[in-house]
Amino acid sequence: MEHPIFEIENLSYTYKDKMETTPALKNINLKIDKGDFVALVGPNGSGKTTLIKLILGVIKPQKGEISINGKSLRNFNAWQEVGYVSQKSNSFSKGFPATVREVVLSGLTKEKGLFKRFNRNDGKKLDDVLKLLNISDLKEKNISLLSGGQTQRVFIARALISNPSILVLDEPTVGIDAKHVKEFYDVLLTLKEKSVTILLVTHDIGVVVDHADEVACLNEHLHFHGTNHEFKNLGEAELSKIYGFPLQLVSHDHERECCS
Ligand SMILES: Nc1ncnc2c1ncn2[C@@H]1O[C@H](COP(=O)(O)OP(=O)(O)OP(=O)(O)O)[C@@H](O)[C@H]1O
Ligand SMILES: [Mg+2]
């Protein structure tokens, strides 16, 4: 039997510093199977980025267990399988003295090691992924000179260049214009056809409803996890309860948007 890609059991996390403690996640149980496209939604401060950081081993759980592909996170080392775009990648790049080529190629260092040289095959991977994200013309530009949306696409390319089987994306389309958002979701759907497992944090409920297989709704607790069809049927009252404030749902065409 195949293991789930992510299995999270009884996970809790509280930020603690000298001044205060902030509970971020309480008793989370979540399973994500291979090839699933799961959207993680919830209001600001609901613990989405915290959950992503725990899954990626950036911070350690105080309580509970996380496994990736049947392996406890403590023993997991196949990080070349995991592509990641962080929520802060955009601001990180300001003043960073590297070209688009260098930043995107750095997505290969997990498999090559820091000091290996890049070869012709890596150059082809680079050109392919730049083309996929429509940023070939930016290849030799300094990353700090790009617009916000261009920078974000560079970091998406960096996550994709190693051909990962798992993609974890924390609000990857913030600052990207509508045309390129659509192109980005087309790329995700192509990856999904190749059985790539996708965990996407987003506030764009319309996109969730259109593209994701499953939706997980977080607000300290995991309030809902089901198919996107079940999510659509939740209704505004139920959603507002999860979000903790009245949720204004705007319908245009078949899209819904939320205001978090
Ligand atoms: N490094 C930190 N130290 C202390 N508290 C933190 C830290 N990072 C996050 N928090 C707190 O933990 C809670 C969850 O934050 P988190 O960043 O996970 O939310 P989020 O759902 O990703 O929000 P957003 O939609 O705004 O990105 C918030 O109350 C936040 O203030
Ligand atoms: Mg966040």
Side-chain angles (χ1 to χ4, degrees), residues 6 8-30 32 37-66 73 82-94 148-149 151-153 155-156 158-159 166-176 181 184-185 188 198-209 211-212 214-226 231 234 238-250 256-260:
F6 293 117
I8 297 167
E9 288 176 307
N10 300 321
L11 180 70
S12 296
Y13 192 84
T14 299
Y15 290 98
K16 291 178 187 149
D17 61 34
K18 284 183 204 124
M19 304 298 285
E20 57 182 354
T21 59
T22 312
L25 295 171
K26 281 192 188 144
N27 212 18
I28 307 295
N29 289 285
L30 178 66
I32 298 179
F37 181 167
V38 180
L40 183 59
V41 301
N44 291 138
S46 59
K48 302 180 299 296
T49 297
T50 304
L51 183 60
I52 299 294
K53 285 182 180 165
L54 285 160
I55 284 176
L56 296 172
V58 177
I59 52 177
K60 303 271 173 271
Q62 293 141 345
K63 190 172 155 265
E65 275 292 322
I66 302 172
L73 197 61
V82 186
Y84 169 51
V85 177
S86 85
Q87 189 172 11
K88 299 253 166 74
S89 50
N90 220 335
S91 50
F92 162 80
S93 68
K94 295 290 166 248
T151 312
Q152 196 66 347
R153 274 147 64 208
F155 280 93
I156 295 167
R158 181 180 183 271
I166 303 168
L167 252 187
V168 179
L169 306 157
D170 195 350
E171 299 194 44
T173 54
V174 169
I176 301 189
V181 167
F184 170 66
Y185 283 106
L188 287 193
I198 302 169
L199 177 59
L200 168 78
V201 175
T202 180
H203 289 290
D204 192 342
I205 303 284
V207 164
V208 167
V209 168
H211 297 300
E214 291 180 13
V215 181
C217 224
L218 200 63
N219 198 353
E220 222 174 292
H221 295 272
L222 186 66
H223 287 267
F224 169 86
H225 177 210
F231 181 72
L234 272 181
E238 187 64 24
L239 269 178
S240 300
K241 212 163 75 191
I242 294 172
Y243 269 69
F245 56 85
L247 197 64
Q248 193 190 344
L249 292 170
V250 183
R256 307 199 298 174
E257 281 178 0
C258 89
C259 58
S260 61

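Note that ligands are numbered from 1 as they come in the structure, with each ligand's atoms numbered from 1 the same way. Just the heavy atoms: all of them, side chains too, but no hydrogens, waters or symmetry mates, feed the values below.
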Proximal atoms of ligand 1 relative to [X] (non-hydrogen, under 4.0 Å):
X      : answer
His203 : 25 (O)
Gln87  : 27 (O)
Ser46  : 19 (O), 20 (P), 21 (O)
Pro43  : 21 (O)

If the contact criterion is a heavy-atom separation under 4.0 Å, does [X] count as touching ligand 1?
X      : result
Glu171 : yes
Pro23  : no
Gly42  : no

Could you pull out the closest heavy-atom pair between [X] and [Y], with the gap in Å?
X      : Y      : value
His225 : Glu214 : NE2-OE1, 2.7 Å
Gln87  : Thr49  : OE1-OG1, 2.7 Å
Leu54  : Ile66  : O-CD1, 3.6 Å
Cys217 : Phe231 : SG-CE1, 4.1 Å
Val174 : Gln152 : O-CG, 4.0 Å
Pro172 : Leu169 : CG-CB, 3.7 Å

Do any nitrogen or oxygen atoms of [X] lie less than 3.5 angstrom from nitrogen or oxygen atoms of ligand 1?
X     : answer
Gly47 : yes
Ala24 : no
Asn44 : yes

Would you say the side-chain atoms of Ser86 and Asp170 include a donor-acceptor pair closer than 3.5 Å? no

Measuring only between side-chain heavy atoms, which start at C-beta, is Leu167 closer than 4.5 Å to Leu199? no

State, yes or no, whether a side-chain contact exists between Thr202 and Glu171 at a heavy-atom distance under 4.5 Å. no

Residue, atom name and distance, where the atom is the protein heavy atom closest to [atom]:
atom                    : value
atom 14 (C) of ligand 1 : Gly45 O, 3.5 Å
atom 30 (C) of ligand 1 : Thr22 CG2, 4.7 Å
atom 8 (N) of ligand 1  : Tyr15 CZ, 3.3 Å
atom 17 (O) of ligand 1 : Thr49 CB, 3.7 Å
atom 25 (O) of ligand 1 : Lys48 NZ, 2.7 Å

Parallel, tilted or perpendicular: which fits the ring planes of His211 and Tyr185, with parallel below 30° and perpendicular above 60°?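 Correct class here is parallel.
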
If I take every N, O or S atom of Gln87, is at least one of them less than 2.8 Å from the Mg ion (ligand 2)? yes

Using 2.8 Å as a strict upper limit, say whether an N, O or S atom of Asn44 approaches the Mg ion (ligand 2) that closely. no

For atom 22 (O) of ligand 1, is the nearest protein heavy atom under 4.0 Å away? yes

Between Lys63 and Lys26, is there a donor-acceptor pair closer than 3.5 Å when you use the side chain of the first and the backbone of the second? no

Which of these, Thr21, Leu25, Thr22, sits in a side chain to side chain contact (heavy atoms under 4.5 Å, CB included) with Thr14?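 The residue from Thr21, Leu25, Thr22 that satisfies side chain to side chain contact (heavy atoms under 4.5 Å, CB included) with Thr14 turns out to be Thr21.
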
Below 4.0 Å, non-hydrogen atoms only: which portion of Thr50 touches ligand 1? Side chain, backbone, both or neither. both

